[in-house]
Colleague: 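Below is the structure I would like to discuss, written out as structure tokens.
Please read these numbers as outputs of a predicted model, since none were measured by experiment. The chains referred to below are lettered A, B, ... by the order of the sequence lines, with proteins before strands, and numbering in each begins at 1.
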Amino acid sequence: MLKIWSMKKNEDAVAKKKPKTSAAQIRVQKDLTELDLPDTMKTHFPDPNDLLNFTLTITPDDGMYKGGSFVFSFAINTNYPHEPPKVKCTQTIYHPNVDLEGNVCLNILREDWKPVLNLNSVMVGLQYLFLEPNADDPLNKDAAQELIKNREHFLSNVKQSMRGYNIKGVQYQNVMG
Amino acid sequence: MPATTQDWDERYYHVDQILEKPGPRTDPGFLAGDEVKEFLREKCKILVIGAGGLGCEILANLALTGFKDIHVIDMDTIDISNLNRQFLFRPKDVGNPKAIVAAEFIMNRVPGVTVTPYYGKIQDKDDDYYMQFNLVICGLDSVEARRWINATLVNMVDPENPESLKPLIDGGTEGFKGQARVILPTVSSCYECSLDMLNKPTAFPICTIANTPRLPEHCIEWASVLEWPRVHGDKKMDTDDPEHISWLYNQAAARAKDFKIEGVTWSLTQGVVKNIIPAIASTNAIIAASCCNEAFKIATSSAAYLNNYFMLIGTDGVYSYTFEHEKRDDCPVCGGEALDMSISSETTVEQLIELLIEKQDIQIKKPSLSTPTAQIYFQAPPQLEAATRPNLTKKVSELVPADGEITVTSTSLPFSLSLRISYT
Ligand SMILES: [Zn+2]
């Protein structure tokens, strides 16, 4: 059998026995404790011992969604960061990039996810959707068309939806709390 | 009958050409002759993880090169679709555990070889189990399982015990592409070090799936990503349940019809949701051969082994490339530092943090601490900081047992630092 041990002795960094903490777990600890969020974003852990499931509340201080308070759920699985966190909007909101089921169209949550990205990048990406809703990647087609056709009307729909009005037969949730 | 008596004359004639005399490139530690033959055939114990496409090839190769004490783990049962390439299985075996059928087949076919199967998960086994082997070969299709065995073998390395370092040979294939690599835990780059090199599963932009489907795959993803949760709520989709696949297939087919897209079939639906890339028998054969060659070279020291990554790309001609993947300092499994720390049983968490910050050699700022099962103190986010703040005034000894481990993360560390705590 090959003598690997002798090669090891030559290594300057002689590793000591490492802890049982899983790589995903350490990575989540690192991501969370190094979060650098503006005042407009807050995390909440229903069970503070469970780091893998939490919510993020975004309260934009600028743009068309100013004044609203938008809540997203985050679910991280043990294959993180090979797989991205699963993120959903927990409210029914009027937004071109969020559908009525809470699915979010944000490239880094799916096709452009890479393990070098972290929770901070996802959160900043989500906030950006409220500052710059993007009609090119629609999930709520009506909202996207309105944004392209008539920005003023779109804005008024946004304001009404945020107060819990019904738009085109869809009951939106009041997010002004 | 003992295994040796079943060896007929010239059984290993060709293999012995390599083992009976050193060559120009053999390792200086290579002892040609009976000793190495005896080690390979009587003493060496090898574990094969996975008895699927790669695993069948690996088991056959090992048995025929003279490994005689082989163990195999697989949690799957045989499906009819496996039979085209997993050649240890026959139609009568469908539904039976792969590990058990493969073991029986090899033992019947290659006299004198003992294959010990385990039908279950690698996670069922503990360090003592893995410690009994000289070598581990993986032929898995799951990233998660590979990460687990890699971390387990890296964590098992005990600086006091040379036997605790188990070479891991990892094979993987995806269609016409494949790779074989040799991982010497804590010495060379590990599986986690190269996690960002993996091909990620194809994911289509969610808005394309929702609005502008053009491919049958878009319709299937629409059914599984958007329709399933909308209709079934929190009920989890089970990609192994044919009824679930049928439901998805029906939804996808209806949508494909609406958008005049052709090509949605039941098996494509299953392939997309299970993220199956068609397995190619010849790719498996090449990668398994490479893995077994490495196992043979490492077990016998008869030739230089792979350092450390072999890549095969068979999509355009046959291209292969070998390179040394570098170990990463910020690897969460094999990188980072480990530190033994001896503190008084009266030391509080706050005092421990002070000690860490004052340590000149590690230069740590704002450390966050946890044990494998609980948080000790988190600098952020605010809610967790508040929840863990009461721990600051507690004694470390109330939270961490003697010889217990603390994981420290900080922006100033490449990844993490592990502390092993002893009390004075
Ligand atoms: Zn590593």
Colleague: With a 4.5 angstrom heavy-atom cut-off, is it the side chain or the backbone of L40(B) that approaches chain A, or both, or neither?
Modeller: neither

Colleague: Name the option with the most non-hydrogen atom pairs under 4.5 Å to chain A; the candidates are K43(B), Q379(B), R230(B), K366(B).
Modeller: R230(B)

Colleague: Is there a side-chain contact between V87(A) and L126(A) (heavy atoms, below 4.5 Å)?
Modeller: yes

Colleague: May I ask you to test the S368(B)-S410(B) pair for a side-chain heavy-atom distance under 4.5 Å?
Modeller: no

Colleague: Pick whichever of R147(B), E385(B), E192(B) has the most heavy-atom pairs under 4.5 Å with chain A.
Modeller: R147(B)

Colleague: Kindly determine whether V98(A) and L139(A) satisfy side chain to side chain contact (heavy atoms under 4.5 Å, CB included), including the steps that lead there.
Modeller: CA-CA 6 Å; V98(A) 180; L139(A) 266 186; 5.8 Å; no

Colleague: Which region of K86(A), side chain (C-beta onward) or backbone (N, CA, C, O), has a non-hydrogen atom less than 4.5 Å from a non-hydrogen atom of chain B, or is it both or neither?
Modeller: neither

Colleague: What about the rings of Y165(A) and Y172(A), do their centers lie closer together than 6.0 Å?
Modeller: no

Colleague: Can you tell which part of F30(B) gets under 4.5 Å to a heavy atom of chain A, answering side chain, backbone, both or neither?
Modeller: neither

Colleague: Looking at chain A, which one of D196(B), L135(B), L31(B), I298(B) has the largest number of heavy-atom pairs inside 4.5 Å, strictly under?
Modeller: I298(B)

Colleague: Indicate yes or no: at least one non-hydrogen side-chain atom of K88(A) is less than 4.5 angstrom from one of V104(A).
Modeller: no

Colleague: Among G29(B), C44(B), S301(B), P205(B), which residue has the highest count of heavy-atom pairs closer than 4.5 Å to chain A?
Modeller: P205(B)

Colleague: For the residue pair W113(A) and Y80(A), does the interplanar ring angle fall in the parallel (under 30°), tilted (30 to 60°) or perpendicular (over 60°) class?
Modeller: tilted

Colleague: Does any backbone or side-chain atom of K114(A) lie under 4.5 Å from a heavy atom of chain B? Answer side chain, backbone, both or neither.
Modeller: neither

Colleague: May I ask you to name which of P381(B), A210(B), G404(B), A387(B) has the most heavy-atom pairs under 4.5 Å with chain A?
Modeller: P381(B)

Colleague: May I ask you to decide whether K141(A) forms a salt bridge with D99(A), counting only side-chain N to carboxylate O separations under 4.0 Å?
Modeller: no

Colleague: Identify which part of F39(B) has an atom lying under 4.5 Å from any heavy atom of chain A, answering side chain, backbone, both or neither.
Modeller: side chain

Colleague: Need one label for E35(B): side chain, backbone, both or neither, based on atoms under 4.5 Å from any heavy atom in chain A.
Modeller: neither

Colleague: Decide if the gap between the ring center of H95(A) and the ring center of F130(A) is smaller than 6.0 angstrom.
Modeller: yes

Colleague: Check whether L417(B) gets within reach of chain A through its side chain, its backbone, both or neither, counting any heavy atom under 4.5 Å.
Modeller: neither

Colleague: Side chain, backbone, both or neither: which part of N103(A) has a heavy atom under 4.5 Å from chain B?
Modeller: side chain

Colleague: Name the region of E101(A), side chain, backbone, both or neither, that has any atom closer than 4.5 Å to a heavy atom of chain B.
Modeller: side chain

Colleague: Looking at chain A, which one of D27(B), T371(B), V143(B), L195(B) has the largest number of heavy-atom pairs inside 4.5 Å, strictly under?
Modeller: V143(B)

Colleague: Does a donor on one side chain sit under 3.5 Å from an acceptor on the other, for S370(B) and Q375(B)?
Modeller: no

Colleague: Hey, does N150(B) have a side-chain heavy atom less than 4.5 Å from the side chain of V333(B)?
Modeller: yes

